[in-house]
Amino acid sequence: MDEIKKRGIRVGYTPDVLTEATAELTVALLLATCRRLPEAIQEVKSGGWKSWAPMWMCGYGLSNSTVGIIGLGRIGIAVAQRLKPFGVKKFLYSGRRPRPECAAGVNAEYVSCEKLTEDSDFVVVSCALTPETEGLCNKDFFSRMKKTAVFINISRGSAVNQEDLYQALVSGQIAAAGLDVTTPEPLPTNHPLLGLKNCVILPHIGSATYSTRNTMAVLAVTNLLKGLAGEEMPSELKI
């Protein structure tokens, strides 16, 4: 940012257009993780599906749960709106400041990050990556979570200390994790997290719908053409 300002470079970006697609993917990832869908699919394919058993492949449901969202921005709000019809009892959120105008629609309560991790059955990380949020999800963070809690990260991989997450999953400190972002990307195929049944990892596909990617491309090109012509961009970063 400092170098951009120094050189007087104009920057176009693509806000808003991926909110809906990313929120949908977040819900899909949360459900796949808490209901153990990848593990269940593998059981069918490998012959692990035998006769019915009472507790086989049981997971955790959203009904009457508490969902904590770290970063109640555009995507965080859209996630909460989509989860509400599942019968979530309470939404908590944390961030730099309260956002009552955004929280009202889902009746979300602003709390500290510490209280959010302690009280939530599902923790969804959807905050921007900043010096304050880098490495936010570390050993102390996971130690405060319930042993039955499910952790979801769709923000940036660097918000999570992946070694601490691995230990939390292996030790049973938390129940499961779903990640659409990692460090690095792509994640090496021999990474320890990929060997865990209670960790679902996707290849950063939050915005991967045909319509969203097309809209992103058109907006990016329009920004570029307007910028080259010295005109106002549809979406220009204010620096």
S.K.: Is there a donor-acceptor pair closer than 3.5 Å between any side-chain N or O of Asp121 and the backbone N or O of Thr66?
M.R.: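 Yes, Asp121 side chain to Thr66 backbone: donor-acceptor pair under 3.5 Å.
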S.K.: For the backbone of Thr182 and the side chain of Gln162, can you confirm whether one donor and one acceptor N or O come within less than 3.5 Å of each other?
M.R.: no
S.K.: Closest heavy-atom contact between Glu114 and Arg144?
M.R.: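 Residues Glu114 and Arg144, closest heavy atoms: CA-NE, 3.6 Å.
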S.K.: Quick one, Phe141 and Val123 - any side-chain contact, counting heavy atoms below 4.5 Å?
M.R.: yes
S.K.: Taking Arg36 for the side chain and Cys58 for the main chain, is one N or O donor matched with an acceptor at less than 3.5 Å?
M.R.: yes
S.K.: Only distances under 3.5 Å count here; give the side-chain donor-acceptor pairs of residues 90-109 to other protein atoms, sequence neighbours excluded, each with its distance to 0.1 Å.
M.R.:
unit_1: Tyr93; atom_1: OH; unit_2: Arg99; atom_2: N; d: 2.7
unit_1: Arg99; atom_1: NH1; unit_2: Leu72; atom_2: O; d: 2.8

S.K.: Would Leu62 and Phe122 count as a side-chain contact (heavy atoms from CB on, under 4.5 Å) here? Give the steps.
M.R.: CA-CA 8 Å; Leu62 280 161; Phe122 299 88; 3.7 Å; yes
S.K.: For the residue pair Thr222 and Pro234, what are the closest heavy atoms and their distance?
M.R.: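 It is CG2-CG, 3.5 Å.
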S.K.: Does any non-hydrogen side-chain atom of Thr117 lie less than 4.5 Å from one of Ser120?
M.R.: no
S.K.: For the atom pair CE (Met145) and CG (Leu116), what is the distance rounded to the nearest 0.5 Å?
M.R.: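 Separation between the atoms: 9.0 Å.
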S.K.: Check Leu202, Ile75, Leu179 against Ile154 for a side-chain contact (heavy atoms from CB on, under 4.5 Å) and give me the one that passes.
M.R.: Ile75
S.K.: Is it the case that over 12 heavy atoms from other parts of the model lie below 6.0 angstrom from the NZ atom of Lys226?
M.R.: no
S.K.: Any side-chain to backbone donor/acceptor pair from Asn223 onto Met233? Under 3.5 Å, distance only.
M.R.: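 It does not hold such a pair.
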S.K.: Do Arg82 and Glu20 touch side chain to side chain, with heavy atoms closer than 4.5 Å?
M.R.: yes
S.K.: So do the side chains of Phe151 and Thr33 get within less than 4.5 Å of each other, counting heavy atoms only?
M.R.: no
S.K.: Tell me whether Leu228 shares a hydrophobic cluster with Val221, the cluster being built from Ile, Leu, Val, Met, Phe, Trp, Tyr side chains joined at under 4.5 Å.
M.R.: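 They do not share one cluster, since no chain of ILVMFWY contacts under 4.5 Å joins Leu228 to Val221.
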S.K.: Enter the distance from Ile9:CD1 to Ile239:CD1 here, rounded to the nearest 0.5 Å.
M.R.: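 Spacing of CD1 (Ile9) from CD1 (Ile239) equals 8.0 Å.
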S.K.: Is the closest side-chain heavy-atom distance between Cys127 and Glu132 below 4.5 Å?
M.R.: no
S.K.: Assess whether side-chain contact (heavy atoms from CB on, under 4.5 Å) is satisfied between Leu165 and Asn153, documenting all intermediate values.
M.R.: CA-CA 11 Å; Leu165 174 60; Asn153 183 25; over 6 Å; no
S.K.: Check Pro15 against Leu219 and note the closest heavy-atom contact, atom names and distance.
M.R.: CD-CD2, 4.4 Å
S.K.: With distance as the sole test, does Thr133 use its side chain to make a donor-acceptor pair with the main-chain N or O of Ala128 at under 3.5 Å?
M.R.: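 Side chain of Thr133 to backbone of Ala128: a pair is present.
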S.K.: May I ask you to decide whether Glu118 forms a salt bridge with Lys115, counting only side-chain N to carboxylate O separations under 4.0 Å?
M.R.: no
S.K.: Looking at Ile70, Val27, Leu30, which one forms a side-chain contact (heavy atoms from CB on, under 4.5 Å) with Val124?
M.R.: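 Of Ile70, Val27, Leu30, side-chain contact (heavy atoms from CB on, under 4.5 Å) with Val124 is met by Leu30 alone.
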S.K.: Would Leu25 end up clustered with Ile152 when hydrophobic side chains under 4.5 Å apart are linked, directly or stepwise?
M.R.: yes
S.K.: Checking side-chain polar atoms at under 3.5 Å, does Gln173 have a donor or acceptor matched by the opposite partner on Ser171?
M.R.: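 No, because no side-chain N or O of Gln173 sits under 3.5 Å from a partner of the opposite role on Ser171.
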S.K.: Is there a path of hydrophobic side-chain contacts, each under 4.5 Å between heavy atoms of I/L/V/M/F/W/Y residues, joining Phe86 to Val150?
M.R.: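 Yes, it is one cluster - the side chains of Val150 and Phe86 are joined through contacts under 4.5 Å.
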S.K.: Starting at NE2 of His191, measure out to OH of Tyr166 and round the result to the nearest 0.5 Å.
M.R.: 10.0 Å
S.K.: Are the side chains of Glu43 and Trp56 in touch, meaning some heavy atoms are under 4.5 Å apart?
M.R.: yes
S.K.: From Ile201 CD1 over to Leu187 CG, what is the distance, rounded to the nearest 0.5 angstrom?
M.R.: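 One finds 5.5 Å between CD1 of Ile201 and CG of Leu187.
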S.K.: Just by distance, do the side chain of Thr212 and the backbone of Thr209 share a donor-acceptor pair under 3.5 Å?
M.R.: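 No, because the side chain of Thr212 does not come within donor-acceptor range (under 3.5 Å) of the backbone of Thr209.
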S.K.: To the nearest 0.5 angstrom, please state how far the CE atom of Met1 sits from the CG atom of Leu237.
M.R.: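 Between atom CE of Met1 and atom CG of Leu237 there are 5.0 Å.
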S.K.: Tell me if the CG atom of Asp16 is crowded by more than 12 foreign heavy atoms within 6.0 Å.
M.R.: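 More than 12 heavy atoms, drawn from other residues, nucleotides or ligands, come within 6.0 Å of this atom.
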S.K.: For Asp180 versus Glu185, what's the shortest heavy-atom pair and its separation?
M.R.: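 Between these two residues, the closest heavy atoms are O-OE2, 4.3 Å.
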S.K.: Looking only at non-hydrogen atoms, find the nearest pair between Thr19 and Ala78 and report the distance.
M.R.: CG2-CB, 3.9 Å
S.K.: Are Ile4 and Tyr13 linked, directly or through other ILVMFWY residues, by side chains that come within less than 4.5 angstrom of each other?
M.R.: yes
S.K.: Write down the atom of Ile69, the atom of Gly76, and the distance for their closest heavy-atom approach.
M.R.: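 Closest heavy-atom pair between Ile69 and Gly76: CD1-O, 3.6 Å.
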S.K.: So, do Ser126 and Val79 sit near enough that their side-chain heavy atoms are less than 4.5 Å apart?
M.R.: no
S.K.: In terms of hydrophobic clustering (I, L, V, M, F, W, Y; side-chain heavy atoms under 4.5 Å; direct or indirect links), are Val160 and Leu169 co-clustered?
M.R.: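 Per the 4.5 Å side-chain linkage, Val160 and Leu169 are co-clustered.
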S.K.: Around atom CD of Glu232, are there more than 12 heavy atoms from other residues, nucleotides or ligands closer than 6.0 Å?
M.R.: no
S.K.: Can you tell me which residue pairs pass the salt bridge (Lys or Arg N to Asp or Glu O under 4.0 Å) test with a partner in residues 147-166, sequence neighbours excluded?
M.R.: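 Every pair satisfying salt bridge (Lys or Arg N to Asp or Glu O under 4.0 Å) with a residue in residues 147-166: there are none.
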S.K.: So do the side chains of Asn161 and Lys139 get within less than 4.5 Å of each other, counting heavy atoms only?
M.R.: no
S.K.: Please round to the nearest 0.5 Å and tell me the distance separating atom CG of Leu136 and atom OG of Ser158.
M.R.: 12.0 Å
